[in-house]
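Comments concern the structure below.
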Amino acid sequence: MSATSPTAGSESTGNSDLEFVVRTIAQTAVDNEREFGELDAVVGDGDFGYSLARGFEIVLADWDTFDRSSPSAFLKKVALVISKRVGGTSGPLWGTAFLRAAGAISDRAELDGTDAVAMLRAAAEGIKVRGRSDLGDKTLLDALIPMTDALEEEIRAVRTGGGAVADPVRLARVAASAARTAADATTPMLARRGRPSYTGERSIGSPDAGAVAIAVIAERIADEWARRT
Amino acid sequence: MSATSPTAGSESTGNSDLEFVVRTIAQTAVDNEREFGELDAVVGDGDFGYSLARGFEIVLADWDTFDRSSPSAFLKKVALVISKRVGGTSGPLWGTAFLRAAGAISDRAELDGTDAVAMLRAAAEGIKVRGRSDLGDKTLLDALIPMTDALEEEIRAVRTGGGAVADPVRLARVAASAARTAADATTPMLARRGRPSYTGERSIGSPDAGAVAIAVIAERIADEWARRT
Amino acid sequence: MKKFVNDPKNYVPEMLQGLALANPDSLRYVPEYNLIMRADAPRADKVSLVQGSGSGHEPAHVMSVGRGMLDAACPGDVFAAPPTDYVYETVKLVASPKGVLLLVNNYTGDRMAFEMAEELAEADGITVRTLAIDDDVSVQDSTYTVGRRGVAGNFFVMKAVGAAAERGADLGEVYRIGAKVNSVTRTMGMALTACTPPAKGSPLFELPDDEIEMGVGIHGEPGRRREKLRPADEMVRELVTAVVDDLPYTSGDGVALMVNGLGGTPIGELYLVYGLAHRQLAERGIEIRRSYVGEYCTSLDMAGASITLVRLDDEISDLLAAPAEIPLRVF
Amino acid sequence: MKKFVNDPKNYVPEMLQGLALANPDSLRYVPEYNLIMRADAPRADKVSLVQGSGSGHEPAHVMSVGRGMLDAACPGDVFAAPPTDYVYETVKLVASPKGVLLLVNNYTGDRMAFEMAEELAEADGITVRTLAIDDDVSVQDSTYTVGRRGVAGNFFVMKAVGAAAERGADLGEVYRIGAKVNSVTRTMGMALTACTPPAKGSPLFELPDDEIEMGVGIHGEPGRRREKLRPADEMVRELVTAVVDDLPYTSGDGVALMVNGLGGTPIGELYLVYGLAHRQLAERGIEIRRSYVGEYCTSLDMAGASITLVRLDDEISDLLAAPAEIPLRVF
Ligand SMILES: Nc1ncnc2c1ncn2[C@@H]1O[C@H](COP(=O)(O)OP(=O)(O)O)[C@@H](O)[C@H]1O
Ligand SMILES: Nc1ncnc2c1ncn2[C@@H]1O[C@H](COP(=O)(O)OP(=O)(O)O)[C@@H](O)[C@H]1O
Ligand SMILES: [Mg+2]
Ligand SMILES: [Mg+2]
Ligand SMILES: [Mg+2]
Ligand SMILES: [Mg+2]
């Protein structure tokens, strides 16, 4: 991972949590081009890192021009860049994910943990529909959904425990560790969607590239958030 | 080198010295296909071993059918097979060499050391004309001609020393050792003929494949002759 | 990595620039959408044909644009489907009143991009249909999978629909022909070596000197199984058997036989393979009426080959024999 | 060695069998002399054209036999000139009353075989002329050397004399045209990797991952120099400069530009190289009127490319544009 902080060199970023998270996602994708590509090369075609990096590079380059009238409007612009500029399977899937996340918070001006869960659920549902895929197919959904479940569970636990607002640093850490566990758990799975599915039984024994990417991104967000506060 | 004796498996070979020598040349070429190819691969195109082996294979296969009415007729038949069936530069050069050797002994029924020298001289002259080449161009001539010189010198020395007939085993050994020395001496030469000449200065530093082949063949003849008697 | 490349990120655009420079009269390169189109497209009197998919399969598909074949090809980056937006812009550029047929190899990324583009274009009032090509017998087709892949057999679909469109057939008819050719076309491929995408800079997988990958697609991914390298005759028999048994092709069938090189295998070997396949098919009573030997759909520099059969009838034979004029001319 | 091959000794005959099976109507394979000829040769109304040389350069020359190009090709084994006898028999098989033109790349082995065959055929009363092709600028031509080599530029000679012969030109005229095309054609090549002859089973030389061979011929032999691998633009500039400066080609010249792949380089890279070369020539004011991108004369599976220029005049342009029909058809 690069030593560059995800917000470095950008005065107009603002400091909303949403912008921080999106920017961290983008920077992580750019920094991990090679690693993500190697993961996709095992039983895929090795372009996953390249596809994501080329798209999120443009997200970073266009950063200052995005509509910031609402969190939803901001996310929509990001979704548009991804849909337009990312090819492969990842373009439509990640574009859809960002677009659906935007839809889940269309009426919100400020976001909290519950909104985060809603956005992630909407993103996952969008990916399922677009990719004709589901939990258990050995895709990024197998990290994204367990991560969302863990996040929701933690928020509920904090509430039940009487806390009004969950600590975001702790939430991010819980999400990251759930994503990592889930990504690791894709290793023994048989791929039923995506290019690795063509190799049949041979897809067993290595983790899904997309799932690992979710874990790496979630971990980076948790790390950066801890540093930020 | 193969353990097979050059005359093994061939009842009709007869035992004339000429047949013995030709058969040894053929068998050596077949046995050294790989080695001769590797030598040609350094700054050439690696087919020298293959070309010789394919041609001399047929010489061995057709062995019993050759005209044996005279040494010259026999050599002519061998020359014809080589010209017909060996490609590359080696086909015309070795075919010409055998044909010219046949011409040098057209009137002889029995051959001696002096005939051997005459055949080798004629072969070298034929190669020079056909290949527009000469001593010093870094070709097989640079082993063939010094070997012939040494053989001639040894015969003269024996005569001068009062011996009527030189010991063929000793003659073969003298020729082989001259060929080896001369072949080694091609290493520092710049190729001016043949494919290695295209690489210019880079032809310096490795011996010429054809020259080494002459040395290997001459050594094999010397070894086999010693074993034969 | 040993390639003719400047910045690997510019590999595809620089290739397309070269293609356009070599064909100044017939082709147009539109860098904004990474697209190659006929200089005279769209034409009101014919259905426009577009094929996309990742790059790295050349001559498919950018070098198949021209009279009698495609009107446009919009390739993505190496092995990556083009972004939806580029497909959409391509459709708009070649939109004809007779409609647009999109040809897409059956991969998730490609299908999503093309189907989304189709929706967008239809909303603009353009008549579009999309045909998915899926000739690869090495992939099992079941509800639990994403279905067969489209591989070298796409050439025959492009050629047949290209000829039909050139003759003025309407969109429904062109679609019918494409679907029919796809339904009688089967392919199986194998790799001797892995390929090296320019942006990755190293081979996609490691293959020992005595092993091959059987049942590969065209994206450099490993195949169904790893096997020992064997004499050509035996490996070709495995390919031929897989293809023949799938449709199946039977004694008395008249077929087109394609031996397609994957990029790194020289044409001499492809003809050797052709000869073996031809004889094996003849033994089964299958009659070869048209022969195709060369590179049609590659995986960058991968050494390997695929075998494709098309069961011919008079209509298909006639369309395959129609003239075409694409960058792949020899003289 | 990873190749489609059975017994390596049968590599060439099995390739030629495949070629003949793929072209049953137009070609004939004569196994006794390892030769491919037009089914309709010789024709009394045209000069017959024969090219030989070693195998391993496919599509040159066996896949250039057909209407508008060669009447026969007699290839030797891989990288070895054919035996004299095979050339002689080939000449006899295609002997036409209008004469026979032998095209030979300028290598010692080839020239000896063809000149000996010419002598033998003339003794039989056949009118024969031999034209040596020597377009390779990487070899210095002096009385101390064997002269330039013939490499990919031979395509243009074959194409031009093929067209002239088809139009009924007599032997002297056909020879004049071939000699003229050869005199305005120059080539320079480079290798990214060594090639592996089937019978040898291992690469002809070792080339580290960051080095190339500049100034190679077509027999897998090393080039003039070993250099560092550099961006395509710089390597192409070295090739273009060597070719342009040699004739020299000057501002205002109209040329044909060929980017020829050596066997292992995919066509996408060749088009990238084409684009770079095209722009570099345009900078010098040289006008590209005809473009050729693909494999024309290879070294088995060697990765690499050569660049050829032909200075055009009306006569040459016209002959190059004439129709031809050879096995290398695409559709
Ligand atoms: N149908 C699908 N649904 C959800 N995720 C998918 C699907 N197909 C692929 N993926 C995810 O995308 C990743 C690969 O992305 P990418 O390399 O861009 O795709 P490709 O090269 O196969 O077009 C996989 O590791 C997987 O996590
Ligand atoms: N012009 C020539 N005169 C004499 N010998 C030659 C000549 N050219 C090549 N040779 C010899 O032939 C050998 C190569 O033979 P071969 O590999 O069959 O030729 P090539 O592959 O170059 O056609 C060289 O090592 C050299 O000894
Ligand atoms: Mg991928
Ligand atoms: Mg040689
Ligand atoms: Mg991909
Ligand atoms: Mg040779």
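Proteins get letters first, then strands, A, B, ... in listed order; numbering begins at 1 in each. All of these numbers come straight from a predicted model, not from anything done at the bench.
In this structure, CG on D:Leu300 lies 11.5 Å from OG1 on C:Thr265, to the nearest 0.5 angstrom. Considering CE of C:Met1 and CG of D:Asp209, their distance stands at 10.5 Å, rounded to 0.5 Å. The NZ atom of C:Lys3 sits 11.5 Å away from atom CG of D:Leu229, with the distance rounded to the nearest 0.5 Å. Interatomic distance, OG1 of D:Thr193 versus CG of C:Asp301, reported as 9.5 Å (0.5 Å rounding). The CG atom of C:Leu270 lies 10.5 Å from the CD atom of D:Glu58; values are rounded to the nearest 0.5 Å. Of the inter-residue distances, the one linking C:Leu21 atom CG with D:Leu257 atom CG reads 10.0 Å to the nearest 0.5 angstrom.
For D:Ala22, the parts lying near chain C are the backbone and the side chain together; criterion is any non-hydrogen pair under 4.5 Å. Neither the backbone nor the side chain of D:Pro8 comes within contact range of chain C, judged by heavy atoms closer than 4.5 Å. Heavy atoms closer than 4.5 Å to chain D are found nowhere in C:Leu262, neither backbone nor side chain. Only the backbone of C:Pro208 comes within less than 4.5 Å of a heavy atom in chain D; its side chain stays farther off. Looking at D:Tyr11, the atoms closer than 4.5 Å to chain C (heavy atoms on both sides) sit in the backbone and in the side chain alike. Proximity to chain D (any heavy atom under 4.5 Å) is shown, for C:Leu19, by both the backbone and the side chain. If you measure heavy-atom distances from C:Ala256 to chain D, you find no contacts under 4.5 Å at all.
With respect to chain C, the highest number of heavy-atom pairs below 4.5 Å among D:Val236, D:Leu207, D:Leu272 belongs to D:Leu272. Between chain C and the options D:Ile288, D:Asp233, D:Asp210, the largest number of non-hydrogen pairs under 4.5 Å is found for D:Asp233. Among C:Pro24, C:Gly18, C:Gly275, the residue making the largest number of heavy-atom pairs under 4.5 Å with chain D is C:Gly18.
In the displayed structure, C:Arg279 atom CZ is contacted under 6.0 Å by more than 12 heavy atoms of other residues, nucleotides or ligands. Heavy-atom contacts from other residues, nucleotides or ligands closer than 6.0 Å to CZ of D:Arg67 number more than 12. More than 12 heavy atoms of other residues, nucleotides or ligands shown are found within 6.0 angstrom of CD on C:Glu283.
The main-chain N or O of C:Ala232 is found under 3.5 Å from a side-chain atom of D:Asn6 such that the two form a donor-acceptor pair. Looking at D:Glu269, its side chain does come within 3.5 Å of a backbone N or O of C:Phe4 through a donor-acceptor pair.
Across every non-hydrogen atom of D:Met63 and C:Tyr271, the tightest pair is CE-CD1, 3.2 Å.
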